[in-house]
Participant: 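After the structure tokens below, expect a handful of questions from me.
As a basis for the values below, the full set of heavy atoms in this structure was taken, side chains included, without hydrogen atoms, waters or symmetry mates.
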Amino acid sequence: MAAGKIDAHEADRDVGLVRRLLAAQFPQWAAQPIKRVPSTGTDHALYRLGDDQVVRLPLAWGAAKGLDKELMWLPRLAPLLPVAIPVVLGTGLPAEGYLLPWAVYRWLDGENPRIDHIADPDVLATDLAVFIAALQRVDLADGPVAYRGGPLATQDAQTRAALADLGKVVDTEAATAAWDAALRVPEWSGPPVWVHADLMPGNVLARQGRLTAVLDFSTVGVGDPACDLIVGWFLLPAPAREAFRAAVHVDDATWARGRGWALSLALGQVAYFRDTNPVIVADARQVIRAVLADHLPPLQRSNSSQTP
């Protein structure tokens, strides 16, 4: 595996490649400064282009598939949402030895918030709930099925595979009990609603504690609203998570399915990235601890919080 890669199927890429791609396909932008954007993201490599653009190179074929979806839906969703979302300025073809389609987007200001560095978590929790509610209100026909919009049970095989692989890494007994409980929750019985389906911290931008933009709509579509609740465990500390829950106005079953999604994704991240991406693994283990703490009965939860 080449240096710097976290997946054996990643495409090779660097600043030189970006400049060659631009020179051949967008010469009007090729002379601008290009700088790699540091990121622990697993789907795209980002290169800031000048002051107001960013080149996004998919790392593998799976990530590249979402570009057509963004081209179709981003312009239609943008006027219906309360914060900025990506704007595609140009799409590039495979070339220069790079085998995937790629794109140039407008640069969106902000920083990826971290759970332990949020000025006012309750404010950010409310902003996230407002975004989710606005997305769910979208009334656009022929929406695609969201990437994680189906039943939670579709994740059972890969979640149990991760549990089997993590016996000495996480508390698999408690995690298995929490996962089994999530699978017993009734499935979504309402009409499918629009969801982002990948509200991870890396796809959220904030400035001065307020949500300013949501990125990467390659997973967007319609389905069970539970999948967008993962942000409650991946980004928000426990008190703010409760504020988020109150603001999104979901029933107990939807909240429980959202917690199940968070657990499944975090287990998968630890299993897949434990030797290649320590930042993702550390964050995912924190998510697992938060989910398991939520799953404990109230008395055990209180005792656990007092344990050093």
Participant: Test side chain to side chain contact (heavy atoms under 4.5 Å, CB included) on V279 and N277; report intermediate values, then the result.
Facilitator: CA-CA 6 Å; V279 175; N277 198 318; 3.8 Å; yes
Participant: Start with the C-alpha distance between Q136 and H249, add both sets of side-chain angles, then the distance that settles side chain to side chain contact (heavy atoms under 4.5 Å, CB included), and finish with yes or no.
Facilitator: CA-CA 12 Å; Q136 291 180 7; H249 302 296; over 6 Å; no
Participant: Heavy atoms only: give me the nearest L163-A175 pair and the separation to one decimal.
Facilitator: CD2-CB, 3.6 Å
Participant: Does the side chain of E187 reach to within under 4.5 Å of the side chain of D224, using non-hydrogen atoms?
Facilitator: no
Participant: Any side-chain heavy-atom pair from V104 and L22 closer than 4.5 angstrom?
Facilitator: yes
Participant: Please determine whether side chain to side chain contact (heavy atoms under 4.5 Å, CB included) holds for the pair L74 and V87, giving the CA-CA distance in whole Å, both sets of side-chain angles, and the decisive distance to 0.1 Å.
Facilitator: CA-CA 7 Å; L74 285 173; V87 175; over 6 Å; no
Participant: More than 12 heavy atoms of other residues, nucleotides or ligands under 6.0 Å from CG of D51: is that the case?
Facilitator: no
Participant: Enumerate the residue pairs fulfilling salt bridge (Lys or Arg N to Asp or Glu O under 4.0 Å) with a member in residues 267-279, sequence neighbours excluded, ordered by first and then second residue.
Facilitator: D165-R274
Participant: Could you see if I230 belongs to whatever hydrophobic cluster contains V281? Use Ile, Leu, Val, Met, Phe, Trp, Tyr and a side-chain cutoff under 4.5 Å.
Facilitator: yes
Participant: Inspect the surroundings of CG in D116 and state if more than 12 heavy atoms from other residues, nucleotides or ligands are less than 6.0 Å away.
Facilitator: yes
Participant: Looking at D252 and R245, is any side-chain nitrogen of the basic one under 4.0 Å from a carboxylate oxygen of the acidic one?
Facilitator: yes
Participant: I'd like to know if L49 and L93 are part of one continuous hydrophobic network [Ile/Leu/Val/Met/Phe/Trp/Tyr, side-chain heavy atoms within less than 4.5 Å].
Facilitator: no
Participant: In terms of hydrophobic clusters joined by side-chain contacts under 4.5 Å, are V145 and M72 together?
Facilitator: no
Participant: Tell me, do V214 and L135 make a side-chain contact under 4.5 Å, heavy atoms counted?
Facilitator: no
Participant: Which ILVMFWY residues can you reach from V195 by hopping between side chains whose heavy atoms are under 4.5 Å apart?
Facilitator: V193
Participant: Do L21 and V55 have side chains that approach each other closer than 4.5 Å (heavy atoms only, starting at C-beta)?
Facilitator: no
Participant: Do you know the tightest heavy-atom contact between Q32 and Q53?
Facilitator: NE2-OE1, 3.1 Å
Participant: List, one per line, each side-chain donor-acceptor pair under 3.5 Å for residues 284-293, sequence neighbours excluded.
Facilitator:
unit_1: R285; atom_1: NH2; unit_2: V169; atom_2: O; d: 2.8

Participant: Indicate yes or no: at least one non-hydrogen side-chain atom of L57 is less than 4.5 angstrom from one of L17.
Facilitator: yes
Participant: Would you say CD of Q28 has more than 12 non-hydrogen atoms from neighbouring residues, nucleotides or ligands within 6.0 angstrom?
Facilitator: yes
Participant: Closest heavy-atom contact between P75 and L71?
Facilitator: CD-O, 3.5 Å
Participant: Restricting to pairs with a member in residues 176-217, which pass ring-ring contact (aromatic ring centres under 6.0 Å, His included), not counting sequence neighbours?
Facilitator: W73-W194, H196-F217
Participant: Would you check if the side chain of S264 reaches a backbone N or O of G260 as a donor-acceptor pair within less than 3.5 Å?
Facilitator: no
Participant: Please test D127 against V83 for side chain to side chain contact (heavy atoms under 4.5 Å, CB included), starting from the C-alpha separation and ending with a verdict.
Facilitator: CA-CA 9 Å; D127 287 349; V83 297; over 6 Å; no
Participant: Show the nearest heavy-atom pair for residues P201 and N112, with the distance to one decimal.
Facilitator: O-ND2, 3.3 Å
Participant: Test: salt bridge (Lys or Arg N to Asp or Glu O under 4.0 Å). Region: residues 19-32. Which pairs qualify, not counting sequence neighbours?
Facilitator: R20-E96
Participant: For residues R241 and G232, report the shortest heavy-atom separation together with the two atoms involved.
Facilitator: NE-O, 2.9 Å
Participant: With a 4.5 Å heavy-atom cut-off, do T212 and L108 have their side chains touching?
Facilitator: no
Participant: If you look only at pairs with a residue in residues 108-165, which of them pass as a ring-ring contact (aromatic ring centres under 6.0 Å, His included), with sequence neighbours excluded?
Facilitator: none
Participant: Could you list the residues that satisfy side-chain contact (heavy atoms from CB on, under 4.5 Å) with V15, not counting sequence neighbours?
Facilitator: I34, Y47
Participant: Given T159 and D156, is the side-chain hydrogen bond (donor to acceptor under 3.5 Å, both in side chains) satisfied, shown in steps?
Facilitator: CA-CA 5 Å; T159 302; D156 189 45; 6.0 Å; no
Participant: Salt bridge (Lys or Arg N to Asp or Glu O under 4.0 Å): which pairs involve residues 60-71, sequence neighbours left out?
Facilitator: R56-E70
Participant: Considering non-hydrogen atoms only, spot the tightest contact between A240 and P121 and give its length.
Facilitator: CB-CB, 3.5 Å
Participant: Sort out for me which residue in V231, L235, D122 forms a side chain to side chain contact (heavy atoms under 4.5 Å, CB included) with F244.
Facilitator: V231
Participant: For P151, is there any backbone N or O sitting under 3.5 Å from a side-chain donor or acceptor partner on T154?
Facilitator: yes
Participant: Within the structure provided, determine whether D283 and R114 are in side-chain contact (heavy-atom separation under 4.5 Å).
Facilitator: yes
Participant: Can you sort out the partners of Q158 under side-chain hydrogen bond (donor to acceptor under 3.5 Å, both in side chains), two or more places apart, ordered by chain and number?
Facilitator: Q155
Participant: Test of understanding: clusters of I, L, V, M, F, W, Y form through side-chain heavy atoms closer than 4.5 Å, transitively. Do L81 and V88 belong to the same one?
Facilitator: yes
Participant: Determine whether more than 12 heavy atoms belonging to other residues, nucleotides or ligands lie under 6.0 Å from atom CZ of R106.
Facilitator: no
Participant: Suppose we screen for salt bridge (Lys or Arg N to Asp or Glu O under 4.0 Å). Which residues come up paired with R207, at least two apart in sequence or across chains?
Facilitator: none
Participant: Residues in side-chain contact (heavy atoms from CB on, under 4.5 Å) with A247, at least two apart?
Facilitator: A129
Participant: Salt bridge (Lys or Arg N to Asp or Glu O under 4.0 Å): which pairs involve residues 72-92, sequence neighbours left out?
Facilitator: none
Participant: Measuring only between side-chain heavy atoms, which start at C-beta, is T91 closer than 4.5 Å to P101?
Facilitator: no
Participant: On the 0 to 90° scale, with breaks at 30° and 60°, tag the F26-W102 ring pair as parallel, tilted or perpendicular.
Facilitator: perpendicular
